[in-house]
Amino acid sequence: MAAVVAADTQLMLGVGLIEKDTNGEVLWVWCYPSTTASLRNLLLRKCCLTDENKLLHPFVFGQYRRTWFYITTIEVPDSSILKKVTHFSIVLTAKDFNPEKYAAFTRILCRIYLKYGSPVKMMESYIAVLTKGICQSEENGSFFSRDFDDRNAYLAGSIKDIVSLFGMETVILHTALMLKKRIVVYHPKIEAVQEFTRALPALVWHRQDWTILHSYVHLHAEELEGLQMCTGYIAGFVELEVSNRPDLYDVFVNLADSEIIIAPLAKEVMTMGKLHKEIGQLIVQSAEDPEKSDSQVIQDIALKTKEVFTSLAPFSEVSDDGGKIVLSVEALKQKRFPPATENFLYHLAAAEQMLKI
């Protein structure tokens, strides 16, 4: 048990406080431990207090260069001892993807700050969770790290919602993820972007890789540079200008208009054929079954994905150095698959690093 707590508590990286005062100024007030100027500027950008439109987003999350950030923002009631502050945001940075866990913990930290008006009490709770995985308080609520499993965070998004929106076109997203392509998602509301993007990695459940998720990105040079260092990704934007940046995506999802666009340069790799139609039909059939839960739909897609990998087996061989399994392109060509299927299997092998160099 102690080992589990130790492993869990190593995941948090830091806590910070941003305030908006009665003059409308937004300031980074405090953090523990210290943070870099570039991360601080990024978090100020993500925190809705600096937004021109004055919209309050109670909770946002995202990732920047393998650091996850979670930000809870609240309005200060008149009864609070924080007389010169109108709003504040609590920021947590961590190594893991678990929005529910960090939303629960930041809410507790918000209550503590509202009550005491001092970061000292917040730091005590932060250190308690950092070292023991728990903080308990009758008035501010209790938090137990162990209550929040990563797998539940992975399953919290809804594949059924995606399919109800895009139907057969969901196979475009599945194909792009299988081939480790770049997906950009746009919607003017950050909550819609986050809800949609967090579910997408479940379409390739065999990888269980949420590091590809960048659910809140701005068209800011530093952020885009970090994004472009990734092989494939899912990136969420609230700025419509991203639609004019085909250098950032292979597939563009305009959530606001329920539209999926394949970038011209990705069209050849993303050519759809009989196999894709089969996969698309399975996804739709499974998702539209009212008896099936989201996790059962994910399981169905994962089984179909396994079949696709099994179909690569007859054309695979052990590499000359006796190490990994690689695809024999000759054997694949001899099978005379329909061009779109052969193209897909070839690029899938490339994405899985199964091609002979």
Side-chain angles (χ1 to χ4, degrees), residues 59 61 96-104 144 146-181 183 185 187 189-213 215 232 234 236 251 253-260 262 270 272-313 340-341 344-345 348 351-352:
F59 181 68
F61 61 88
D96 61 328
F97 170 76
N98 202 319
E100 286 68 33
K101 173 166 79 170
Y102 294 113
F144 300 86
R146 66 169 183 266
D147 291 345
F148 300 91
D149 183 57
D150 281 353
R151 191 184 157 88
N152 290 341
Y154 295 162
L155 291 167
S158 175
I159 295 293
K160 293 188 118 182
D161 286 354
I162 292 172
V163 178
S164 73
L165 199 59
F166 290 110
M168 276 295 281
E169 284 198 307
T170 308
V171 78
I172 298 172
L173 302 171
H174 178 262
T175 303
L177 288 161
M178 288 283 279
L179 301 181
K180 298 186 178 174
K181 295 298 169 190
I183 299 174
V185 177
H187 193 283
K189 291 181 178 165
I190 185 58
E191 292 81 3
V193 172
Q194 302 206 135
E195 196 179 327
F196 183 85
T197 54
R198 74 172 295 175
L200 289 177
L203 286 169
V204 281
W205 184 257
H206 66 288
R207 292 191 189 127
Q208 289 195 30
D209 181 12
W210 262 253
T211 63
I212 62 171
L213 175 64
S215 58
I234 300 155
V251 172
V253 181
N254 184 331
L255 259 191
D257 294 341
S258 305
E259 185 180 31
I260 298 179
I262 300 173
M270 295 283 295
M272 300 285 152
K274 182 170 172 279
L275 176 63
H276 299 90
K277 189 179 176 184
E278 269 176 42
I279 296 168
Q281 283 169 336
L282 173 121
I283 293 172
V284 171
Q285 200 178 345
S286 179
E288 287 181 349
D289 184 341
E291 301 293 311
K292 287 189 174 176
S293 66
D294 267 294
S295 57
Q296 286 170 314
V297 176
I298 290 166
Q299 205 173 359
D300 286 348
I301 300 168
L303 282 171
K304 186 66 184 173
T305 302
K306 196 176 177 184
E307 272 178 39
V308 173
F309 280 110
T310 305
S311 69
L312 276 178
T341 302
F344 173 66
L345 293 175
L348 178 61
E352 295 290 332

Is any side-chain heavy atom of Phe61 less than 4.5 Å from a side-chain heavy atom of Phe97? yes
Using the side chain to side chain contact (heavy atoms under 4.5 Å, CB included) criterion, which residues pair with Ser258? Sequence neighbours excluded. Leu165, Phe166
Side chains of Lys160 and Glu288: does their closest heavy-atom pair fall under 4.5 Å? no
Atom pair OG1 (Thr341) and CG (Leu348), whose distance is rounded to the nearest 0.5 Å: 12.0 Å
Using a 4.5 Å cut-off on heavy atoms from C-beta on, say whether the side chain of Trp210 contacts that of Leu213. yes
With side chains defined as the heavy atoms from C-beta onward, is the minimum distance between Glu195 and Glu191 less than 4.5 Å? no
Straight-line distance of Asp289 CG to Gln296 CD, nearest 0.5 Å: 8.0 Å
CE-OG1 distance between Met270 and Thr175, expressed to the nearest 0.5 angstrom: 5.0 Å
Ignoring hydrogens, what is the shortest heavy-atom contact between Asn98 and Phe148? Give both atom names and the distance. ND2-O, 3.5 Å
Does atom CD (Gln285) have a neighbourhood of more than 12 heavy atoms from anything else shown, all under 6.0 Å? no
Pair Asp96 + Lys101, salt bridge at N-O below 4.0 Å: yes
Determine, step by step, whether Ile212 and Lys180 satisfy the side-chain contact (heavy atoms from CB on, under 4.5 Å) criterion, reporting the C-alpha distance in whole Å, the side-chain angles of both residues, the deciding distance to 0.1 Å, and the verdict. CA-CA 9 Å; Ile212 62 171; Lys180 298 186 178 174; over 6 Å; no
Applying salt bridge (charged side-chain N to carboxylate O under 4.0 Å, His left out), which residue pairs with at least one partner in residues 290-305 are found, sequence neighbours left out? Glu278-Lys304, Lys292-Asp300, Lys304-Glu307
Is any side-chain heavy atom of Ile279 closer than 4.5 Å to a side-chain heavy atom of Leu282? no
Does a side-chain N-to-carboxylate-O contact under 4.0 Å join Glu352 and Arg207? yes
Listed pairs under 3.5 Å, donor-acceptor, residues 196-205 side chains, sequence neighbours left out:
from, atom 1, to, atom 2, distance (Å)
Thr197, OG1, Val193, O, 2.8
Thr197, OG1, Gln194, O, 3.4
Arg198, NH1, Glu100, OE2, 2.8
Arg198, NH2, Glu100, OE1, 3.1
Arg198, NH2, Ala153, O, 2.9

Can you list the residues that meet the ring-ring contact (aromatic ring centres under 6.0 Å, His included) rule with Phe309, with sequence neighbours excluded? His206
With sequence neighbours excluded, what pairs up with Val163 under the side chain to side chain contact (heavy atoms under 4.5 Å, CB included) test? Ile159, Thr170, Ile283, Val284, Ala287
Are Glu259 and Val253 close enough that some pair of their side-chain heavy atoms sits under 4.5 Å apart? no
Drop me the distance from Leu155's CG to Asp149's CG, to the nearest 0.5 angstrom. 9.0 Å
Taking it one step at a time, do Val171 and Gln281 satisfy side-chain contact (heavy atoms from CB on, under 4.5 Å)? CA-CA 9 Å; Val171 78; Gln281 283 169 336; over 6 Å; no
For His187, ring-ring contact (aromatic ring centres under 6.0 Å, His included) partners two or more places apart: none
side-chain contact (heavy atoms from CB on, under 4.5 Å) evaluation trace for Leu177 with Ile234: CA-CA 9 Å; Leu177 288 161; Ile234 300 155; 3.7 Å; yes
Between the side chain of Thr310 and the main-chain N/O of Lys306, is any donor-acceptor distance below 3.5 Å? yes
For Ser215 and Ile190 the tightest heavy-atom approach is O-CD1, 3.9 Å
Rounded at 0.5 Å granularity, tell me how far OG in Ser286 sits from CD1 in Ile301. 6.0 Å
